[in-house]
Amino acid sequence: MNAKYVLAAGVVLLSLSDISHAAGDPKVKSVMARSDCFTCHSIDHQVVGPAYKDVAKRYHGTAAPAATVIVLAQKIIKGGNGNWNKETGGSPMTPHPALTQAQATEMVKWVLAQ
Ligand code: HEC
């Protein structure tokens, strides 16, 4: 691979990540809309679950460490409470066992981009 290709690939990757960091991948949002995420979550205010903007803030947005992303994806699949009891009064997130780790990871990345 010559330097020009490497540079071009770098520019493409950078611009792709800019798009996905702006407000998250819209395709992921539509998958979330078909699931039940927005029944309990809104982007900017507390519903049953915390606002996605608050989740992003707590975990440092798109700069969240990979290990955090894995833990949050597991939380979506397995459900549970404990991290937001002050905001939710202890309500749990229901489990989503039909989601794969990869799907849940995409959703976490979308949430962290809010
Ligand atoms: C029945 C309501 C409900 C549904 C449906 C729901 N959530 Fe949640 N969610 C919650 C609650 C409540 C919390 C706070 C849990 C806690 O206190 O640890 C939460 C927390 C989260 C968190 C932060 C977890 C943490 O430990 O900080 C993420 C990310 C999240 N939800 C994403 C999703 C996604 C994506 C979906 C759809 C697949 C979804 N939620 C569906 C209620 C819900």
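What's counted below: heavy atoms across the whole structure, side chains too, no hydrogens, waters or symmetry copies. All figures in this text were calculated on a predicted structure; none of them were measured in a lab. Order of listing sets the numbers, starting from 1, for every ligand and every atom in it. Numbers here are sequence positions counted from 1.
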At what distance, to the nearest 0.5 angstrom, does [atom1] of [X] lie from [atom2] of [Y]?
| X | Y | atom1 | atom2 | value |
| --- | --- | --- | --- | --- |
| Thr62 | Gln114 | OG1 | CD | 11.0 Å |
| Met107 | Ile77 | CE | CD1 | 9.5 Å |
| Leu72 | Tyr59 | CG | OH | 5.0 Å |

What protein heavy atom lies closest to [atom]? Include the residue and the distance to one decimal.
| atom | result |
| --- | --- |
| atom 24 (C) of ligand 1 | Leu72 CD2, 3.7 Å |
| atom 11 (C) of ligand 1 | Gly49 CA, 3.6 Å |
| atom 22 (C) of ligand 1 | Met93 CE, 4.1 Å |
| atom 13 (C) of ligand 1 | Pro50 CD, 3.5 Å |
| atom 12 (C) of ligand 1 | Ser91 O, 3.2 Å |
| atom 36 (C) of ligand 1 | Cys37 SG, 2.9 Å |
| atom 23 (C) of ligand 1 | Trp84 NE1, 3.8 Å |
| atom 2 (C) of ligand 1 | Cys40 SG, 1.9 Å |

Donor-acceptor contact below 3.5 Å, side chain [X] vs main chain [Y]:
| X | Y | answer |
| --- | --- | --- |
| Glu106 | Ala102 | no |
| Asn81 | Gly90 | yes |
| Gln103 | Thr100 | yes |
| Arg58 | Trp84 | no |
| Glu87 | Gln46 | no |

Does any N or O atom in Asn83 lie less than 3.5 angstrom from one in ligand 1, N or O only?
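Checking ligand 1 against Asn83, an N or O pair does fall under 3.5 Å apart.
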Check whether any N or O atom of Lys75, backbone or side chain, sits under 3.5 Å from an N or O atom of ligand 1, and answer yes or no.
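Such a contact does occur with ligand 1.
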Is it true that [X] lies under 4.0 Å from ligand 1, counting heavy atoms only?
| X | answer |
| --- | --- |
| Phe38 | no |
| Val48 | yes |
| Asp36 | yes |

Side chain to side chain contact (heavy atoms under 4.5 Å, CB included) for Tyr52 and His45? Distances and angles first, verdict last.
CA-CA 8 Å; Tyr52 284 145; His45 63 273; over 6 Å; no
Should you measure from each heavy atom of [X], which atoms of ligand 1 turn up under 4.0 Å away?
| X | result |
| --- | --- |
| Gly80 | 15 (C) |
| Pro92 | 12 (C) |
| Thr94 | 1 (C), 4 (C), 5 (C) |
| Ser35 | 38 (C) |
| Asn81 | 15 (C), 16 (C), 17 (O), 18 (O) |
| Tyr59 | 25 (C), 26 (O), 27 (O) |

Working for side chain to side chain contact (heavy atoms under 4.5 Å, CB included), residues Ile76 and Met93:
CA-CA 7 Å; Ile76 295 170; Met93 172 154 60; 4.0 Å; yes
Taking atom 8 (Fe) of ligand 1 as the reference point, name the nearest N/O/S atom of His41.
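That would be atom NE2.
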Taking the side chain as every heavy atom from C-beta outward, state whether Lys29 and Ile43 have any pair of such atoms under 4.5 Å apart.
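Result yes, sub-4.5 Å side-chain heavy-atom pair found.
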Side chains of Thr68 and Leu112, heavy atoms from C-beta outward: is any pair under 4.5 Å?
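The answer is no; the side chains never approach within 4.5 Å.
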